[in-house]
Every structure is written in structure tokens, then in C-alpha cells.
Amino acid sequence: MDFKLTPEQEMIKKAAKEFADREIEPIAAQVEREKNMPPDMLKKFAKARLLGMTVPREYGGVGSSFLNWALATEQISYPASACGGLMAMNNTVPNMIDRYGTQEQKEKYIRPLCQGEVIASLAFTEPATGADPRLITTTAELDGEYYRINGTKRFITDSPFDGPVILFAKTNDRISGFIVDKNSEGYTTSKPYELMGGGGWVTADIYLKEVRVPKDNLIGDLDNGFIILLQWAATSKLALCAGSVGLAQAALDESVRYAKERVLRNNRPIAATQSIQWMLAEMACKVEAARYLLYWAASLVDQGKDVMREAAIAKLFSSRAGVEVADMGLRVHGAYGFTTEYKIERIYRQAKGNEVIEGTSEVQRSIVAGFLVR
Amino acid sequence: MKVVVCIKQVPDTGEVRIDPETGNLIREGVPSIVNPDDKHAVEEAVVLKEKYGGKVTVITMGPRQADAALRECLAMGADEAILLSDKAFSGADTSATSYTLGSAIKKLGEFDLILCGRQALDGNTAQVGPQLAEFLKVPQVTYARKIEITGGGLKVERALEDGYEIVETRLPALVTATKDLNIPRIPPMDAIMDAYGQKEIITWTASDIDVDRDKIGIKGSPTRIRKASTPVLKKGQIEIIDGTVEEAVDTLVVRLKGKQLI
């Protein structure tokens with residue numbers, strides 16, 4: 001058991017950090033405040049080869065390990081969680097298309113996603129599904145050479161932007177996955193939701209009215225979309241986990257810096273006081289624990305293991321750690337932490353999102369418990 | 001166009017410890033990076049290659065750990081990397097270093113341009129580039145902030161303290177890069193993987209290059225370090241001058257004049 005990153009992994013991490021420092025950090029406050037992601041950010045990700053990282057090069061991907069992808073996502077999420085979220089879509093969806101798509105689907109859809117020309121989405125959630133796929137009401141009915149899709153999808157990341165969405169619908173009382181172009185006739189979206197944090201993260205409902213999807217756009221086997229959904233859930237949880245670790249590290253770094261600078265009346269920094277030191281130490285413990293759960297789960301994916309349980313553990317722990325670390329970080333900052341002058345305020349709001357996106361903590365608990373008591 | 005870039009791996013901090021006996025830097029435990037000025041040299045070389053074609057060879061003298069620095073340059077777009085590594089090279093001052101690098105470049109054969117960083121973060125001498133040019137008997141332009149290829153030569157903007165001058169020279173030549181020359185690219189993810197998975201670092205020892213053993217390493221270094229220390233930073237006192245803006249400025253001017261600062 002070697003917990004040391006290889007020199008290649010170290011350089012991946014370093015290059016992703018340099019990218020985050022150079023391209024995201026200077027605009028992070030503005031992106032959060034104006035809730036507006038610069039339109040060229042995706043292209044910048046593409047140039048840095050941060051998209052389609054785990055997809056083979058023959059389809060335009062990077063051909064990297066999941067661990068490399070996790071290391072990069074952690075760094076990109078550090079200054080702004082919405083950037084990690086944007087990067088995640090054009091990594092996890094190409095990964096699903098590579099894993100379950102036909103040759104034609106891979107050739108058609110993966111490269112534009114890796115090149116940042118379009119933005120991917122994945123649509124499972126509906127107003128009444130919660131996390132239970134059996135409750136899907138969106139239907140896909142075969143009509144000659146097409147499927148006719150009708151229904152509503154809720155909270156779908158990047159659904160208003162051009163690109164493919166992997167969409168799950170009911171077929172023969174089971175579910176199937178379809179690759180749907182988001183500019184298809186009959187495809188419309190709601191106004192994006194106003195979010196508590198993670199400005200620049202766009203999520204909206206999708207309305208599907210008689211959307212005609214070619215038969216060839218079925219992804220995976222008919223009536224077998226549940227398998228794709230489970231795989232998607234595992235990888236997207238790892239992206240969220242990496243986002244939580246990045247944010248938690250940012251909260252820790254901001255708090256250590258503040259604690260060293262903030263001086264009391266006796267001219268000693270608050271970092272010299274035991275109460276602050278205890279908080280900083282506890283924050284560091286949580287950050288490291290979350291990080292190694294992420295690396296562990298990502299390494300298992302690289303070994304070809306099924307990580308449903310591990311991804312749920314990593315996501316549950318890291319998203320909670322992110323919230324707790326941000327909370328302690330805010331307390332280290334005192335009243336200043338409650339102002340928008342300091343980064344800790346937005347980290348606090350962003351961290352909360354990771355607890356509810358891609359399955360709430362309660363859903364993760366049910367998954368983990370399922371492995372314990374089944 | 002054949003470009004050779006000389007780089008150095010340096011400790012990533014101003015807080016390096018110094019061996020009290022030898023006066024040399026203790027590198028263990030300190031993260032290492034490609035010397036910042038050298039990255040500008042690598043970037044320029046890759047830009048020239050992209051524009052005019054050719055090959056970029058990166059070369060460094062250092063311990064085996066310098067492998068990481070060379071691979072970063074490969075990930076930035078260099079084609080070939082050579083590590084000069086031998087116990088016989090250790091303890092080299094700038095003279096022995098430029099002699100060793102120069103001897104290796106002679107072995108590489110013909111070149112059009114050698115690029116070096118202006119100076120290294122650790123030693124700050126800015127001597128290796130100029131000494132290398134002298135050794136190889138090629139013209140040199142230091143402190144470049146812009147490089148342009150002209151018909152058969154180079155036009156370089158050379159940074160001065162109060163402006164810049166334009167220097168034209170024939171090729172082959174040696175140019176040292178400043179941070180104003182360009183913005184070094186961040187290596188893309190796939191290039192990093194290729195730098196580790198596809199490319200080899202060529203290692204040369206003293207026996208692989210034609211060198212006089214008396215001119216390399218500590219033996220070939222006339223420089224003797226008598227003492228090395230980190231300057232002690234004195235913490236300044238902050239004083240707030242009361243009064244209206246006009247009054248405060250007047251007081252400040254009087255104080256600064258009193259200290260003969262203005």
C-alpha cells in the first residue's frame with residue numbers, strides 16, 4: 001500500500017492547480033457574484049485537455065486514469081465549485097458514451113465534448129422520482145425509426161446549452177437511456193434555478209414534448225438503462241467528491257492564512273491560540289480523510305472494480321467534511337467570515353451544494369447501509 | 001530550426017537551508033521546480049518550433065531528481081531531454097557548469113539557437129548563459145523581452161533598467177530570457193502523460209561527453225563560498241499619521257526628507 005502519488009500524478013495535480021490559479025481564481029469572485037460562467041471557460045478546459053480525460057485518445061479523449069481525473073477535478077474545484085461542475089459534465093458523459101455507446105455514437109458525440117464545442121448533460125431526476133428510478137414517468141415509445149419521448153426532467157445541469165443529454169425514459173415498464181440532442185424539436189427548458197451557492201452552475205428543468213429521437217440513439221441495451229444509471233451515479237459522485245475536497249482545502253488554506261494575519265490586542269496572531277489551532281487541526285484531519293477516500297475510490301475504478309459502495313462512502317463523507325470544514329473556517333474568520341469580503345463565505349455556500357447534488361447524503365447512507373445489511 | 005534550452009531545477013522557496021560546512025544549498029525536503037526564467041526560455045523555444053519547425057532539445061545538469069524538471073519541459077512541447085548527471089559534476093560553480101553544458105551541446109552537434117533563463121532562483125548569478133556563449137564562441141544577447149527571427153539572424157529586444165535596446169545578431173547565437181518574453185504554457189494533461197509514458201530522458205555522464213576532468217565539478221570550480229546566509233528581514237513599524245490628508249502628506253514629506261529618502 002503506497003499512498004504516494006507518482007511523479008506523473010504530481011505533475012497532473014500541479015498543472016491543474018496552475019490552470020486554476022491562472023484561469024479561474026482571478027474571476028472566481030465575479031463568477032459567484034454574477035452567477036455567470038465565462039463562455040470561453042469550456043474551451044480553456046479543452047485546450048488544457050481537462051475534458052474527456054478518461055476516454056481513449058482515438059475518440060478525442062486524454063486516455064487518462066480516473067485518479068488523474070480526480071486529481072485534476074479537485075484542483076479545478078478549489079477556486080469555484082461551478083468550474084468543477086462544468087468540467088465534470090464533459091468528463092462523466094463522454095465516459096458513459098465510451099462505455100455503453102455504439103461505435104457511431106462514440107465517433108459522433110465524444111470528440112465535440114472533448115473539444116469543448118458543446119456541453120453534455122445527464123437527465124434522470126424528475127419532479128416525483130427522488131432517487132428511485134422506478135418512479136420515472138418520462139416515456140419513450142417506438143414509432144417506426146424513432147422513439148417519441150414525452151415527460152419532464154428536473155434539476156438537470158447545463159440542460160439549456162447545446163450538446164447531447166443522456167436521458168432516461170420508461171420503455172416496456174423498464175428504463176432505457178437515450179442520447180438526445182438538446183436542440184431537438186420539442187425540447188425546451190425552464191428558467192435556470194436560483195441557487196444558494198456555486199454561481200455559474202446552471203441547472204434547469206427539461207420539458208419533452210413529442211421529441212423524436214432516432215432509434216440508433218438508444219444507448220446501451222433496450223430496457224437496461226438502469227446499469228448505465230448506476231455507473232453514471234458512481235462516477236458523478238466521484239466528481240462531486242473531488243469538488244468537496246477541493247473546496248474543503250480552499251477553506252482550510254483561507255483559514256490558516258487568516259489566522260496567521262489576524263492579530264489580537266497583544267500583537268499575537270489568533271493562530272497562536274489553542275481554540276483556533278484546534279479548529280484548524282480538525283479541519284485538516286477532515287480534508288485529508290476526504291481526500292484519501294476520493295483517491296481510494298478513484299484507484300478502484302482504475303482497477304476495474306465496481307465502486308457503488310465506495311463512491312457512496314466517499315461522497316457522503318467528503319460532502320459533509322466540506323460543509324463542516326467551511327463552517328469551522330467561517331468561525332475562524334469570526335464576523336469577517338460572514339461578509340462577502342472573504343472567500344470563506346462563498347466556500348460555505350458552495351460546499352452545501354455538494355451535500356444535495358448527485359444524491360443527497362441520506363441517499364448515500366441508504367446505499368452504504370444496503371451493503372451492510374443485505 | 002534547432003534550439004537547445006538549458007534549464008535548472010531549483011528549490012521552490014526562498015527559505016532554503018544552507019549546509020554550514022560546504023556552503024551549498026540543502027535540497028532535500030524542499031519541493032523542486034523548473035527555474036522560472038528557464039520556463040520562459042522553454043516556451044520561446046517551443047513557440048519558435050511551432051512557427052518555423054525544427055527541434056527543441058532541453059538540457060540540464062543535476063541529480064537524478066532533475067528528471068521531473070526535464071519531463072515538465074517535454075510536456076510543454078520539447079522534443080528531447082538530456083540529463084547530465086554524474087558525481088563528478090557535483091559542486092560545480094557557474095564556470096564548471098557552463099563548461100559542462102557547453103561540452104554536451106558540442107556533442108549534440110549543430111544548433112541555431114541556445115536559450116537560457118536570465119538567472120536561477122537559487123544562485124541568482126546570471127552567469128551561466130554568458131559563459132556558455134563565450135565557451136561556444138557564439139554571440140549572446142542577455143535579458144531578452146522579445147525575440148524575432150529575421151532573414152538569417154535574430155532581432156532581440158533587450159530589457160534595460162530604464163527601457164530596452166534592440167540588438168540584431170547572426171545565428172547561431174545564445175539568448176537569455178526574462179519573464180517579459182512570454183507566458184509559459186501550462187502543460188496539457190495528455191502531454192504530461194506522454195512525457196512520462198512515451199518519452200525517454202537521455203542521461204549522459206562525464207564519460208559520455210568530451211570533458212577535461214579538471215574543469216568539471218568542484219575540482220573545476222574556482223569559486224569558493226566563504227559564507228552563505230539568508231538575510232534577516234527586519235519587521236517594519238507601522239505608523240499612522242493623524243490629521244487631514246493635506247496635513248498627513250506634509251508630515252510624511254518632512255519625515256521622508258528627514259530620512260533622506262526623497
Side-chain angles (χ1 to χ4, degrees), chain A residues 4-26 43-76 87 90-91 94 114-116 261 263 267-269 302, chain B residues 7 9-13 15 29-36 39-40 42-43 46-47 50 58 60 62-78 81 83 179 182-201 235-240:
Chain A
K4 206 171 157 217
L5 296 178
T6 65
E8 178 191 314
Q9 289 159 350
E10 289 284 3
M11 202 188 289
I12 291 277
K13 188 173 153 184
K14 183 169 162 254
K17 181 175 169 22
E18 278 180 27
F19 179 93
D21 288 346
R22 191 185 289 182
E23 302 290 351
I24 305 174
E25 179 58 40
K43 278 279 180 197
K44 286 182 176 173
F45 284 152
K47 198 174 168 211
R49 304 293 275 125
L50 287 161
L51 304 179
M53 281 187 71
T54 60
V55 172
R57 300 236 181 138
E58 56 182 301
Y59 302 120
V62 174
S64 134
S65 63
F66 270 79
L67 183 52
N68 274 352
W69 166 63
L71 291 167
T73 307
E74 177 188 337
Q75 298 304 323
I76 298 301
M87 181 185 153
N90 280 24
N91 273 283
C114 296
Q115 292 173 344
E261 283 170 4
V263 173
N267 221 19
R268 288 171 73 216
D302 288 329
Chain B
I7 67 145
Q9 189 182 44
V10 293
D12 184 17
T13 174
E15 299 292 317
V30 182
S32 297
I33 54 167
V34 177
N35 179 52
K39 271 192 157 183
H40 295 277
V42 175
E43 174 64 26
V46 175
V47 166
E50 286 168 349
V58 182
T60 192
R64 269 183 306 161
Q65 296 89 300
D67 180 279
L70 288 173
R71 289 194 196 272
E72 186 169 346
C73 299
L74 289 172
M76 284 176 73
L83 172 63
K179 65 175 171 46
N182 51 44
I183 299 169
R185 70 195 64 195
I186 298 166
M189 300 291 121
D190 52 353
I192 293 171
M193 291 170 61
D194 291 347
Y196 276 95
Q198 310 285 330
K199 294 184 178 174
E200 291 295 325
I201 303 288
K235 279 205 170 177
Q237 290 286 322
I238 295 171
E239 186 189 339
I240 308 288

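Order of the sequence lines fixes the chain letters, A, B, ..., with proteins taken first and strands second; residue numbering starts at 1 for each chain.
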### Query
Is there a side-chain contact between B:Val46 and B:Arg185, using heavy atoms and a 4.5 Å cut-off?
yes

### Query
For chain B, which residues from residues 6-19 of chain A have at least one heavy atom closer than 4.5 Å to it?
A:Pro7, A:Glu8, A:Met11, A:Ile12, A:Lys14, A:Ala15, A:Ala16, A:Glu18, A:Phe19

### Message
Can you confirm whether B:Asn182 sits close enough to B:Val47 that some side-chain heavy atom of one is under 4.5 Å from a side-chain heavy atom of the other?
### Response
no

### Message
Using salt bridge (charged side-chain N to carboxylate O under 4.0 Å, His left out), reason through B:Arg71 and B:Asp194 one step at a time and then give a plain yes or no.
### Response
CA-CA 9 Å; B:Arg71 289 194 196 272; B:Asp194 291 347; over 6 Å; no

### Query
With a cut-off of 6.0 Å (strictly less than), are more than 12 heavy atoms of other residues, nucleotides or ligands near NZ of A:Lys47?
no

### Query
Can you check whether A:Trp69's main-chain N or O pairs, donor with acceptor, with A:Asn91's side chain at less than 3.5 Å?
no

### Query
Under the 3.5 angstrom rule, does the side chain of A:Glu23 hit a backbone N or O of A:Lys44 as a donor-acceptor pair?
no

